[in-house]
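What follows is one structure encoded as structure tokens, with my remarks underneath.
The model shown is predicted, which means the values in this text are computed figures rather than measured ones. So that the names make sense, note that chain A is the first sequence line, chain B the second, and so on, each numbered from 1.
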Amino acid sequence: MEKASKEVLQLTASKLMFDMTDEEYDRLVKEFEVLIKQMNIIGEIKGVDDAEPMTFPFDVTNSCLREDVCSTSIKKEEALKNAKDVKEGQIRLPRVLK
Amino acid sequence: MEFEAVIGLEIHIELKTKSKMFSSAPVTYGLEPNTQIELYDLGFPGVMPSVNKQAVISAIRVCHALNMKIDDTLMFDRKNYFYSDLSKGYQITQQFRPIGREGHLTIKTFEGEKDIGIERLHLEEDACKQLHYSDYTLIDYNRSGIPLIEIVSKPEIRSGEEAAKYVEKIRSIVTFLDVSNGKMEEGSLRCDTNVSVREKGSSDFGIKVEIKNVNGLTNIQRAIDYEIRRQTEILQKGEIVKEETRRYDENKKITVLMRAKNDPVDYKYFTDANIAPIKLSKEFIQEAISTSPELAEVKKIRYLSMGLNEYDSDLLISDVDLSKYFDEAVRSGANPKLLANWINVNVRASLKRLNISINEFPITPIHLAELIKIIEKGKISNVQARDLFMKMLEKKISPNKILEESDSTQISDMSTIQKLILETISENEKSVIDYKNGNERVVGFIVGQVLKKSAGKANPALTSKLVLEELKRR
């Protein structure tokens with residue numbers, strides 16, 4: 001398995017459009033070393049490649065769909081409470097389009 | 001060397017539900033920004049998505065109309081990207097298990113009928129609306145979470161005309177099924193186009209150029225035809241087409257570069273573990289299909305069986321609301337053939353003149369049906385019917401009421417009318433000879449003249465009867 005080096009993590013972070021401090025990268029590199037070690041142990045078990053990937057712990061389905069009934073919206077003031085900058089009832093950001 | 005175009009379309013359609021795809025926030029258009037939202041739509045952590053039943057029913061109906069295989073297990077995936085239109089940092093969509101697969105629809109072009117394959121149809125949620133200004137961007141979450149279906153065609157479309165016909169057919173399907181209002185100008189139906197050009201007969205694909213958000217059928221056709229010409233010229237010069245995203249400039253009628261596609265975005269799709277797989281029973285799917293509103297094609301067959309001709313039927317089904325208006329007037333007892341004629345001639349002309357849609361038309365289907373019944377009974381002439389129609393437009397009341405009102409000013413006194421008839425005949429003595437020679441049209445002429453003399457006040461039915469008697473007497 002590929003080593004999660006600082007360079008690999010930096011590239012991944014850049015693709016996800018964020019960055020971290022050197023200390024944070026170093027800590028994450030160490031955490032990944034442990035993780036990859038554990039993965040390698042699992043990898044030694046025979047026949048792992050044939051197992052279907054799982055998303056849910058149990059193979060169950062349900063038939064629950066929500067009826068199309070609308071609720072009352074939360075208040076505008078409440079919705080915008082955490083916004084740093086508001087203009088005309090909308091959240092104002094630095095220009096997104098270049 | 002001869003070239004051919006390979007075109008694939010991705011159409012996003014906003015569904016007409018009361019609440020959002022994964023939250024119960026209301027779906028209402030044109031309201032104040034950030035007033036149609038739930039915490040879920042703002043991406044607050046810990047708020048769980050719940051799947052809207054009506055959106056699923058709508059998707060099943062469209063899948064069925066597009067002859068698709070319907071997946072009986074609903075699963076949703078996360079499309080991860082970081083952008084200001086997306087509160088959660090991911091959009092919930094159906095990447096791995098779309099609800100519909102392997103469909104097709106038939107379009108009619110100038111060259112005849114053609115089958116276009118459809119790759120997939122999936123359910124997802126809309127992103128929020130951004131308004132870009134010169135130095136800032138405003139965010140409105142009202143659109144965030146509105147249910148969407150995305151329909152992806154196979155790359156089997158070959159021209160701008162075929163693409164426009166394909167979109168027109170999809171729009172007809174979603175509007176007749178009443179799952180969307182299908183309005184391109186309002187963004188309820190949005191179309192992304194992939195165009196590439198290759199050597200004719202080749203099985204390889206050329207380099208793909210994406211044209212984003214083209215608005216309106218005419219523009220879709222023009223944008224694609226322009227792009228085919230542009231790429232063909234590049235290839236003819238022996239150069240290579242660049243992989244890029246372009247947009248259509250309506251004024252200049254050309255496509256212009258938006259951005260190059262150097263590094264394709266990796267959305268890191270994975271199944272959304274917050275929505276456990278949902279099993280759709282056979283009965284549920286069947287019920288969604290069997291209770292589905294009538295498609296345009298089915299309506300047309302019904303109209304033809306009522307005795308309407310091909311032309312009138314096609315005009316009626318060109319607009320779902322017009323066909324609904326027709327259906328309602330038929331239910332109110334109007335003769336379908338006469339009614340279709342009136343809608344397609346007089347109603348459509350009035351809509352055009354007033355620049356309104358049929359939903360805003362002042363004459364209700366019930367009142368138009370009343371008018372048709374009056375005409376059918378022969379109570380009034382064609383000229384009078386058109387006059388009555390204009391009065392209905394103006395007064396917005398029933399034709400019978402208008403007739404009743406005019407009856408009070410109407411001359412029904414036989415001797416007065418008789419006097420006018422005698423006067424008219426003495427001025428047109430040749431008419432009597434013509435009548436004796438078998439010209440029946442003279443009756444209508446004399447009646448018309450008498451009505452004119454009375455300033456339209458003489459009772460038409462009575463006048464008609466008296467004119468006939470007088471002519472026979474001579």
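- Only the side chain of A/Asn82 comes within less than 4.5 Å of a heavy atom in chain B; its backbone stays farther off.
- Chosen from B/Thr17, B/Thr35, B/Asp140, B/Ile37, the residue pairing most often with chain A at heavy-atom distances under 4.5 Å is B/Ile37.
- Here salt bridge (charged side-chain N to carboxylate O under 4.0 Å, His left out) pairs that include residues 81-94 of chain B, with residues two or more places apart or in two chains, are B/Lys88-B/Glu125.
- Contact of B/Met258 with chain A is not made at all, since no heavy-atom distance falls under 4.5 Å.
- There is no contact between B/Ser281 and chain A, counting heavy-atom distances below 4.5 Å.
- Side chain of B/Gln95 to backbone of B/Asp77: no donor-acceptor contact under 3.5 angstrom is found.
- A/Arg95 contributes a side-chain N or O that, together with a main-chain N or O of B/Tyr133, makes up a donor-acceptor pair within less than 3.5 Å.
- A/Asp68 and B/Ser19 are linked by a side-chain donor-acceptor pair at a separation below 3.5 angstrom, with hydrogens and angles left out of the test.
- Counting only residues at least two apart or in different chains, salt bridge (charged side-chain N to carboxylate O under 4.0 Å, His left out) contacts with residues 31-47 of chain B comprise A/Lys76-B/Glu32, B/Lys20-B/Asp41.
- Among residues at least two apart or in separate chains, ring pair (Phe, Tyr, Trp, His ring centres under 6.0 Å) pairs with a member in residues 13-53 of chain B are B/Phe22-B/Phe76.
- Using a 4.5 Å cut-off between heavy atoms, B/Ile57 does not touch chain A at all.
- Of the atoms belonging to B/Val56, it is side-chain heavy atoms, and not backbone ones, that fall under 4.5 Å from chain A.
- Distance alone, capped at 3.5 Å, is enough to place a donor-acceptor pair between the B/Ser180 side chain and the B/Glu14 backbone.
- At a 4.5 Å heavy-atom cutoff, the contact between A/Val60 and chain B is made by backbone atoms alone.
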Check your understanding: Run the side-chain contact (heavy atoms from CB on, under 4.5 Å) check on A/Arg66 and B/Ser24 step by step: do they pass?
Key -> CA-CA 9 Å; A/Arg66 175 175 51 82; B/Ser24 56; 3.9 Å; yes
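- The backbone N or O of B/Glu244 lies less than 3.5 Å from no partner atom in the side chain of B/Glu210, so there is not a single donor-acceptor pair.
- A donor-acceptor pair under 3.5 Å is absent between the side-chain atoms of B/Asp249 and the main chain of B/Ile254, judged by distance alone.
- Counting heavy-atom pairs closer than 4.5 Å to chain B, the top residue among A/Val69, A/Asn62, A/Ile74 is A/Asn62.
- Looking at B/Asn52, the atoms closer than 4.5 Å to chain A (heavy atoms on both sides) sit in the backbone and in the side chain alike.
- Listed by sequence position, B/Thr271, B/Asp272, B/Ala273, B/Ile275, B/Ala276, B/Pro277, B/Ile278, B/Lys279, B/Leu280 are the residues of residues 271-280 of chain B in contact with chain A, using a 4.5 angstrom heavy-atom cutoff.
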